[in-house]
A.B. asks: 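Below is a structure I'd like to ask you about.
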Protein chains: 2
Amino acid sequence: MKKVTLKDIAAHFGVSISTVSKAINDSYEISNDLKLKIQAYAKEKHYKPNRLALNLLNKSTKTIGVVVPNILNYFFVQVLYGIEKVANESGYNIISCISNESSAKETKTLEFFDAGTVDGVIMSLAEESQNEDKHEALLDVINNDIPVVLFDRVSDNVQCDKVVVDDLEAGYKITKYLINIGCKNIAVVNPISSSSVGKLRLLGYKKALEEFDIPFDPKLIINLTIKDDLDLLMSFLLNYKTIEGIIGIDELIAVQVLQVVKARGYNVPNDISIIGFTNGQLSKYVTPSLTMVSQHGKYIGEQTAKLLINRIKNPGLPYETKTVKTSLLVRDSTKKVE
Amino acid sequence: MKKVTLKDIAAHFGVSISTVSKAINDSYEISNDLKLKIQAYAKEKHYKPNRLALNLLNKSTKTIGVVVPNILNYFFVQVLYGIEKVANESGYNIISCISNESSAKETKTLEFFDAGTVDGVIMSLAEESQNEDKHEALLDVINNDIPVVLFDRVSDNVQCDKVVVDDLEAGYKITKYLINIGCKNIAVVNPISSSSVGKLRLLGYKKALEEFDIPFDPKLIINLTIKDDLDLLMSFLLNYKTIEGIIGIDELIAVQVLQVVKARGYNVPNDISIIGFTNGQLSKYVTPSLTMVSQHGKYIGEQTAKLLINRIKNPGLPYETKTVKTSLLVRDSTKKVE
DNA sequence: CTGAAAGCGCTAACAA
DNA sequence: TTGTTAGCGCTTTCAG
């Protein structure tokens, strides 16, 4: 059975389409008798107004498009939850797409959104896009008056609302923490070294070192991609110097570093303390459980959605950037202060 | 700047809308001269055809709606990857929604899809929906001639294409495996006891017991919800009898069981062997790494998407149910065979 | 109380 | 080579 339309119902009753439309929308203009008959028939036939037609008419879709780089990253999952919560409360649907860190995929998705399918866009840049720092598709969207809110991985070259994590402060805070529990040589393992987030965390790290007059040693920084052999890189690192602390720039890398370090016979946290970013499931169940930086993903999602919906309703306000502070979740992978 | 339409461009050149449409679509009917001018202007103004209008016209959206119950479950994430891969290859966009195991949310999403927004639907039932086994919204979708493919968590009361995991066989296989490595009392911890998947796995478990003439002891089966206190339930279990093997019905529960068991002083795998379902990140990095059943989520996603796209193209074929076999991934949480 | 007509943005058959 | 018209499914004036 094909979808029933107003036309079909009108034909069935021998009345006009507009009469049916009014009857179904319970207009006072239609006689109770007809209204009841039409409504009953519509229910029976499972009539449902065609959204496409509605959207075309209203120039509004009541849906928000979301682009996240990587769904395996717990942080983004949490943000998604937050977005969905607020969106649903405000009567918006969300359609989520994964760019998978690819700028081509990101562009494709944005073009899809730009063609009238959504009322607004929420996005965190793919790493590749941050590298290139070209954002034509995104600028097109903004240019077409479709509100955009960027979160977490943002660009200074795009003018729009933003919600960011205070990553510099976080990097600074945890480095200080490690120094305070007695770590002298602190390494950083960074799988997202070219993203704004990765850079800021490193900047925070440097700032803390400076404050304690510890010279910055580039050999302690491991930037890697998925293709690199972590085990090998770690072996260089561990043979280079006595390392007392390691910062993993995301959750997965922190867990992997922990594995390698353990496999090489080091005790965590007695020999080496480890801190990672993102408070997800992995870090919690690993042995020892990892001390992590929580970015409050769900809260970020909520703020992002609120910002977007607010802008959809009141265009023309000046752009806003919200900064969300992180918290440190101390668990068993860091030495206790004596 | 509001979105540019054909009308705007037509007005700018003082030609008709259809001329502009043809020019932009590079029709041979239009003079080269005009075509070039119009195309240049369109590009300059970032013209993009309105998808809503197109979709309405073509009665096709080239998008697939996906509903998954829980994005924190690695299995579903993998399925999503598989779906997305095949869909993209065939020129389909996907819009994914999370039902969060709630049947109300599921219904809302299905109604959204049912209103002409997608060409087909891929779904795995929310646990609540499987409990109630009412699927009105879903039947409405099918009734409206929108193809549906159900995967993993399916219902016999819904007639459509399906892709399922051979969960009975998997439950059977791993129980036999545990028996063969010497486990006598094997417990099952089941957080999805009311889902088809959970039931089938338990059935496989029973089948294996029968085969080995081991009497089924309901006290060894722990059905629980998120609200239940796993630690407490496990303490009852472990005090009840000497347990040599535990089956965790999903990944997270297997990991949590491992934690509890370790915390209570048992050695895994020497005292107790543990097997879980779903080969995700967690089970890999936990200590000891967990022996798991892999359901080949990505492959399932691919098959599901293929089935759906095939049905969109050829409606009227008889419904099909594909069964995908699992594999056992032996790691360190199960005793080695002597 | 009911219907005709316009229009959302677009394409395609058909005229000119 | 260009324009007119109709129509996708719907709502909303404005007439009847």
Side-chain angles (χ1 to χ4, degrees), chain A residues 1-39 42 45-62 111-119 144-146, chain B residues 2-39 41-42 45-62 111-119 144-146:
Chain A
M1 200 189 341
K2 274 266 158 286
K3 263 186 89 64
V4 172
T5 68
L6 288 187
K7 205 178 173 184
D8 301 329
I9 301 180
H12 177 260
F13 285 100
V15 297
S16 82
I17 294 178
S18 57
T19 303
V20 176
S21 169
K22 286 174 191 163
I24 285 173
N25 289 313
D26 218 19
S27 159
Y28 65 96
E29 294 181 68
I30 306 296
S31 69
N32 243 312
D33 192 36
L34 221 200
K35 219 152 68 173
L36 254 43
K37 272 197 293 187
I38 291 183
Q39 285 175 355
K45 291 289 181 189
H46 300 274
Y47 169 77
K48 213 160 282 162
N50 184 322
R51 266 189 97 96
L52 295 178
L54 268 288
N55 292 344
L56 187 57
L57 204 60
N58 302 329
K59 289 163 160 294
S60 144
T61 61
K62 277 285 181 182
E111 280 170 354
F112 177 71
F113 288 161
D114 196 19
T117 42
V118 299
D119 290 354
N144 278 335
D145 264 1
I146 300 175
Chain B
K2 273 268 160 280
K3 263 187 91 62
V4 173
T5 70
L6 289 187
K7 204 178 172 183
D8 302 330
I9 302 181
H12 177 260
F13 285 101
V15 296
S16 83
I17 293 177
S18 62
T19 303
V20 176
S21 168
K22 287 173 190 164
I24 284 173
N25 291 312
D26 218 17
S27 159
Y28 64 96
E29 297 180 58
I30 306 295
S31 68
N32 243 312
D33 192 36
L34 222 199
K35 217 149 72 173
L36 254 44
K37 271 197 295 187
I38 291 182
Q39 286 175 354
Y41 185 77
K45 291 290 180 187
H46 300 274
Y47 168 77
K48 214 160 282 165
N50 183 323
R51 266 189 95 96
L52 295 178
L54 268 288
N55 292 344
L56 187 57
L57 204 58
N58 302 329
K59 289 163 160 295
S60 144
T61 61
K62 277 285 181 184
E111 280 171 354
F112 177 71
F113 288 161
D114 197 19
T117 40
V118 299
D119 290 354
N144 278 335
D145 265 0
I146 300 175

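This one's a predicted model, so the numbers in the text were calculated from it and none came from an experiment. Values below: every heavy atom of this structure, side chains too, minus hydrogens, waters and symmetry copies. A, B, ... follow the sequence lines: proteins, then strands. Residue 1 opens every chain.
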A.B. asks: Using whole Å, report how far OH of A:Tyr28 lies from P of D:dT12.
C.D. replies: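 Rounding to the nearest Å, OH of A:Tyr28 and P of D:dT12 are 12 Å apart.
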A.B. asks: Between C:dC1 atom C1' and A:Lys35 atom NZ, what is the distance in whole Å?
C.D. replies: 11 Å
A.B. asks: Roughly how many Å is it from CG in A:Leu56 to P in D:dG7, rounded to a whole number?
C.D. replies: 17 Å
A.B. asks: I need the CD1-C1' distance between A:Ile30 and D:dT12, as an integer number of Å.
C.D. replies: 13 Å
A.B. asks: Rounding to a whole Å, what distance do you find between A:Ile24:CD1 and D:dG9:C1'?
C.D. replies: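 Checked: the CD1 to C1' distance equals 12 Å.
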A.B. asks: Rounding to a whole Å, what distance do you find between B:Ile17:CD1 and D:dA6:C1'?
C.D. replies: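 For the pair B:Ile17 CD1 and D:dA6 C1', the rounded distance is 13 Å.
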A.B. asks: Looking at the side chain of B:Leu6, which of D:dC14, C:dT11, D:dG9 is the nearest nucleotide?
C.D. replies: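 Between D:dC14, C:dT11, D:dG9, the one nearest the side chain of B:Leu6 would be C:dT11.
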A.B. asks: For the pair B:Tyr41 and B:His12, name the ring-plane relationship: parallel under 30°, tilted 30 to 60°, perpendicular over 60°.
C.D. replies: parallel
A.B. asks: Looking at every strand, decide which applies to A:Asn58 at a 4.0 Å heavy-atom threshold: base, sugar-phosphate, or nothing.
C.D. replies: nothing
A.B. asks: Can you see if the side chain of A:Ser21 gets near the phosphate of D:dT11 - specifically, an N or O under 4.0 Å from OP1 or OP2?
C.D. replies: yes
A.B. asks: Is a donor-acceptor contact shorter than 3.5 angstrom present between the side chain of B:Lys7 and the base of C:dG7?
C.D. replies: no
A.B. asks: Considering just the side-chain nitrogens and oxygens of B:Ser18, establish if one lies under 4.0 Å of OP1 or OP2 belonging to C:dT11.
C.D. replies: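 So the side chain of B:Ser18 is outside the cut-off, no N or O lying under 4.0 Å from OP1 or OP2 of C:dT11.
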A.B. asks: I want to verify a distance call: between D:dC10, D:dC14, C:dG9, whose nearest atom is closest to the B:Leu57 side chain?
C.D. replies: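 Out of D:dC10, D:dC14, C:dG9, the nucleotide with an atom closest to B:Leu57's side chain is C:dG9.
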A.B. asks: Using a heavy-atom cut-off of under 4.0 Å over every strand shown, decide if B:Leu52 touches base, sugar-phosphate, or nothing.
C.D. replies: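 Nothing: the residue B:Leu52, judged by heavy atoms under 4.0 Å, touches no strand.
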A.B. asks: How far does CG of B:Leu52 sit from CG of B:Leu57, to the nearest 0.5 angstrom?
C.D. replies: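 It comes to 12.0 Å.
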A.B. asks: Can you measure from CD1 (A:Ile38) to CD1 (A:Ile9) and round to the nearest 0.5 angstrom?
C.D. replies: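 Reported to 0.5 Å precision, the distance equals 7.5 Å.
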A.B. asks: Assign A:Ser31 to base, sugar-phosphate, or nothing according to its heavy-atom contacts below 4.0 angstrom with the strands shown.
C.D. replies: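 Touches sugar-phosphate only.
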A.B. asks: Measuring to OP1 and OP2 of C:dG3, would you say a side-chain N or O of A:Thr19 lies under 4.0 angstrom away?
C.D. replies: yes
A.B. asks: Among C:dC14, D:dC8, D:dC10, find the nucleotide with the atom closest to the side chain of A:Thr5.
C.D. replies: D:dC10
A.B. asks: Please classify the nucleic acid contact of A:Tyr47 as base, sugar-phosphate, or nothing, using heavy-atom distances under 4.0 Å.
C.D. replies: sugar-phosphate
A.B. asks: Please state how far atom CG in A:Leu34 lies from atom C1' in C:dT2, giving the value in whole angstrom units.
C.D. replies: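 Going from A:Leu34 (CG) to C:dT2 (C1'), I get 9 Å.
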A.B. asks: Calculate the interatomic distance between B:Asp26 atom CG and D:dT2 atom P; express it in whole Å.
C.D. replies: 14 Å
A.B. asks: Report the distance from atom CG of B:Asp114 to atom NZ of A:Lys3, rounding to the nearest 0.5 Å.
C.D. replies: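 Those atoms lie 4.5 Å apart.
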A.B. asks: Taking any heavy-atom pair under 4.0 Å as a contact, classify A:Asn25: base, sugar-phosphate, or nothing.
C.D. replies: sugar-phosphate
A.B. asks: Mind checking if A:Leu54 touches a base, just sugar-phosphate, or nothing, with heavy atoms under 4.0 Å?
C.D. replies: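 A:Leu54: backbone/sugar contact only, no base atoms under 4.0 Å.
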A.B. asks: Measure the spacing between CZ of A:Phe13 and OG1 of A:Thr19 and express it to the nearest 0.5 Å.
C.D. replies: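 Between atom CZ of A:Phe13 and atom OG1 of A:Thr19 there are 12.0 Å.
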A.B. asks: Any idea which of C:dG3, C:dT11, D:dT11 is nearest the A:Val15 side chain?
C.D. replies: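 Per side-chain heavy atoms of A:Val15, the pick is C:dG3.
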A.B. asks: Ignoring backbone atoms, test whether B:Lys59 places a side-chain nitrogen or oxygen under 4.0 Å from the OP1 or OP2 oxygen of D:dG9.
C.D. replies: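 For B:Lys59, the contact criterion (side-chain N or O under 4.0 Å from OP1 or OP2 of D:dG9) is met.
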A.B. asks: In the structure I gave you, are the side-chain heavy atoms of B:Ser27 and B:Asn25 within less than 4.5 Å of one another anywhere?
C.D. replies: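 Side chain of B:Ser27 against side chain of B:Asn25, heavy atoms only: no contact under 4.5 Å found.
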